[in-house]
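Structure record follows, encoded as structure tokens.
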Amino acid sequence: MSTCSHDTIAAIATPTGRGGVGIVRVSGSKALDIAREITRITPRPRHAHYCDFLDATGEILDQGILLWFQAPHSFTGEEVIELQGHGGPVVMDLLLDRCLKLGARLARPGEFSERAYLNERLDLAQAEAVADLIDAETATAARLASRSLQGSFSAAINQLLESLIRLRMYVEAAIDFPEEEIDFLSDGKVSADLHSVIDNIRTVRDKASTGRILRDGINLVIAGEPNAGKSSLLNALAGVDSAIVTEIPGTTRDVLRERVQLGGVPVHLVDTAGLRETTDEVEREGVRRARKELHKADQLLWVYDAIKDPQNLGMRKAELPADIPLTLVRNKVDRIGERPGQGERDGWPEIRLSAKTGEGLEILKTHLLANMGFRGAENTEFLARRRHLNAIDRALESLEQGRSALEQQQAGELLAEDLRQAQLALSEITGEFSADDLLGEIFSSFCIGK
């Protein structure tokens, strides 16, 4: 596969704003000619040239470094130049405008990585790892994104595909010789190989699930009645006084957000207004927004006051999403002399703590990590995205159908089709089989210039 596009693209590859160095990147057949026009020199491949960057009249725009990466030995697989100048926004805009007037066009978000994929410099999972490495919020996530960029995730998927293809070949060869199909299906080899493939895919899925958590983090929504200590819990988890805390009910009237790390996992904390009926128009809007946030959560914390009637959680069960994990937080235990700890109430896990003193906070953190299915970064080999997990789930579903067809019906044709569907699903991960609209969706989320 190679790109059929012959145009040349350009973009600023460094973040907007002021900096010591800024880079304009150009990729395509006109890249070298553009470099010659701007610098009036012919560069050598993979050599740094200190030179003047000139405008159309020969006036010096800037001075910096010119690099030329000759095709196909470049990130995109095309002719690529980089103009490394001073990182002022005006200078960068002038250099980019010069490249555009010399025949390049402005690159779309992610188009450099897309060309690297189309020119087979990277597979799709590796191209996504480029964006994941840039967006990593923790050191662990950055390390795992780097592994995926080097091909660890792709290697795991390709190994699964190889075993699937071998099994497909075996099954379809038997179908071509119908007089031998019954013996072939009942000899135990197909069943054993199919079980092995399913087990291996489940292992990769477990690792990918943990990698997805490390990449995306979780949305943790803190809810409850007014004055239960929700804002105090947000401050305790965030380690800063982000939310105003008073004894006046209804202090929090809008959604407050903080980003923290728990055990290396990004957590997006959301503090909401206390849920109650109110005539105050502003507070009522806060309650409406709070109820909306409940349905966006990956996990919910329902905070209630241990000082009040212990039988009254202040919870209207009908308002809470049934499909989102819920943990009860019995707050202010220091006020009644109760020890922090973990238990269960009404079928839900319950953590006893004091957000004010911090007692029991580590118990809550440990519980949250376990509850989200996080098995520790040491058990993770790569980052993964939701689309990867979706593809693996579809492959597993097809294989389970195939196993049923084999064991209950001895249907070789049905098994062969299920194996084919599983192969197609896994192939979407590395991009061996990908629809154009999927590629557009993936690369549109990348940075311009990457």
For residues 30-37, which side-chain N or O atoms pair as donor and acceptor with protein atoms under 3.5 Å away, sequence neighbours left out?
unit_1 : atom_1 : unit_2 : atom_2 : d
D33    : OD1    : R36    : NH1    : 3.2
R36    : NE     : T42    : OG1    : 3.4

Next item on the list: Locate the shortest heavy-atom distance separating A384 from A208; write the atom from each residue and the value.
Entry: CB-O, 3.4 Å
Check: Under 3.5 Å, is there a donor-acceptor pair between the H195 and R403 side chains?
Finding: yes
Next item on the list: Report yes if some heavy atom in the side chain of V270 is under 4.5 Å from a heavy atom in the side chain of L220; otherwise report no.
Entry: no
Notebook entry, point to check: Between S113 and V130, which heavy-atom pair has the shortest distance, and what is it?
Noted result: OG-CG1, 4.2 Å
Check: In Å, rounded to the nearest 0.5 Å, how long is the span from OG of S354 to CZ of R339?
Finding: 14.0 Å
Check: Can you check whether L95 reaches F53 side chain to side chain, under 4.5 Å on heavy atoms?
Finding: yes
Item checked: Backbone of A355 reached by a side-chain donor or acceptor of N331 within 3.5 Å -> yes
Note to self: For the CD atom of Q342 and the CG atom of L353, what is their distance to the nearest 0.5 Å?
What the structure shows: 11.0 Å
Item checked: Six-ring centre of F112, R25 cation under 6.0 angstrom, axis tolerance 45° -> yes
Checklist line | Between W68 and E82, a side-chain donor and acceptor under 3.5 Å | finding: no
Note to self: If we count only N and O atoms by modelled type, under 3.5 Å, do the side chains of E78 and S27 hold a donor and an acceptor together?
What the structure shows: yes
Margin query: Looking at R108 and E114, is there a salt bridge between them, counting it only when a charged N and a carboxylate O are closer than 4.0 Å?
Written below: yes
Check: Does the side chain of N390 come under 3.5 Å of the side chain of R394 through a donor N or O and an acceptor N or O?
Finding: yes
Note to self: Testing the basics here: between L122 and A127, what is the closest heavy-atom pair and its distance to 0.1 Å?
What the structure shows: CD1-CA, 4.0 Å
Notebook entry, point to check: Regarding Y50 and Q84, is there a side-chain donor-to-acceptor distance under 3.5 Å anywhere?
Noted result: no
Next item on the list: Just do the side-chain contact (heavy atoms from CB on, under 4.5 Å) check on L234 and E258 with the steps written out, would you?
Entry: CA-CA 8 Å; L234 173 81; E258 282 288 341; 4.3 Å; yes
Notebook entry, point to check: Do I392 and L160 come close enough that some side-chain heavy atom pair is under 4.5 Å?
Noted result: no
Next item on the list: State the CD1-SG distance between I65 and C51, to the nearest 0.5 angstrom.
Entry: 7.0 Å
Notebook entry, point to check: More than 12 non-hydrogen atoms from neighbouring residues, nucleotides or ligands closer than 6.0 Å to NE2 on H49, yes or no?
Noted result: yes
Checklist line | Charged N-O contact under 4.0 Å between D132 and R385 | finding: yes
Next item on the list: Enter the distance from S152:OG to L144:CG here, rounded to the nearest 0.5 Å.
Entry: 8.0 Å
Next item on the list: Answer yes or no: is there a donor N or O on one side and an acceptor on the other, between the side chain of S427 and the main chain of Q423, under 3.5 Å?
Entry: yes
Item checked: Stepwise side-chain contact (heavy atoms from CB on, under 4.5 Å) check, T8 with S29 -> CA-CA 6 Å; T8 298; S29 58; 4.0 Å; yes
Next item on the list: Apply the test side-chain contact (heavy atoms from CB on, under 4.5 Å) to residues T14 and I12: give CA-CA distance (whole Å), side-chain angles for both, the deciding distance (0.1 Å), then the verdict.
Entry: CA-CA 6 Å; T14 42; I12 299 172; 3.7 Å; yes
Note to self: Using salt bridge (charged side-chain N to carboxylate O under 4.0 Å, His left out), reason through K189 and D193 one step at a time and then give a plain yes or no.
What the structure shows: CA-CA 6 Å; K189 172 177 169 53; D193 287 352; 2.9 Å; yes
Margin query: If we count only N and O atoms by modelled type, under 3.5 Å, do the side chains of T327 and H367 hold a donor and an acceptor together?
Written below: yes
Item checked: side-chain contact (heavy atoms from CB on, under 4.5 Å) partner of L368, chosen from V265, L301, I351 -> L301
Note to self: Strictly distance-based, threshold 3.5 Å: is any side-chain N or O of D298 a donor or acceptor partner for the main-chain N or O of I218?
What the structure shows: no
Notebook entry, point to check: Can D271 and K230 be counted as an ion pair, charged N to O under 4.0 angstrom?
Noted result: no
Margin query: Does any part of the side chain of L300, heavy atoms only, come nearer than 4.5 Å to the side chain of P325, both counted from C-beta?
Written below: no
Next item on the list: Specify the closest pair of heavy atoms between R330 and R345, including all atoms of both residues, with the distance to one decimal.
Entry: NH1-NH1, 4.4 Å
Notebook entry, point to check: So with a 6.0 Å cut-off around CD of E400, is the heavy-atom count from everything else above 12?
Noted result: yes
Check: Would you say the side chain of L194 lies within less than 4.5 Å of the side chain of L415, judging by non-hydrogen atoms?
Finding: yes
Note to self: To the nearest 0.5 Å, what is the distance between CG on L419 and CG on L424?
What the structure shows: 11.0 Å
Margin query: Nearest 0.5 angstrom please: R46 CZ to H73 NE2, how far?
Written below: 7.5 Å
Margin query: Going by ring-ring contact (aromatic ring centres under 6.0 Å, His included), name the pairs with one or both residues in residues 134-162, residues two or more places apart or in two chains.
Written below: F153-F382, F153-H388
Next item on the list: Answer whether the closest heavy-atom distance between the side chains of T430 and L124 falls below 4.5 Å.
Entry: no
Checklist line | Polar contact flag, side-chain donor to acceptor under 3.5 angstrom, S209-R205 | finding: yes
Notebook entry, point to check: Any Lys/Arg nitrogen of K365 or E362 sitting under 4.0 Å from an Asp/Glu carboxylate oxygen of the other?
Noted result: yes
Note to self: Can you confirm whether I81 sits close enough to L67 that some side-chain heavy atom of one is under 4.5 Å from a side-chain heavy atom of the other?
What the structure shows: no
Checklist line | Close side-chain approach of Q126 and D123, heavy atoms under 4.5 Å | finding: yes
Note to self: I need the minimum non-hydrogen distance between L237 and V260, along with the two atoms involved.
What the structure shows: O-CG1, 3.8 Å
Next item on the list: Let me see the working for D7 and R115 under salt bridge (charged side-chain N to carboxylate O under 4.0 Å, His left out), right down to the final yes or no.
Entry: CA-CA 11 Å; D7 54 355; R115 290 192 176 196; 2.7 Å; yes
Item checked: Distance-minimising heavy-atom pair for G17 and P89 -> O-CD, 3.8 Å
Notebook entry, point to check: Is R352 salt-bridged to E344, cutoff N-O under 4.0 Å?
Noted result: no
Next item on the list: Look at R202 together with D206 and state whether they make a salt bridge at an N to O cut-off of under 4.0 Å.
Entry: no
Next item on the list: Please test L83 against C99 for side-chain contact (heavy atoms from CB on, under 4.5 Å), starting from the C-alpha separation and ending with a verdict.
Entry: CA-CA 10 Å; L83 303 171; C99 293; 3.9 Å; yes
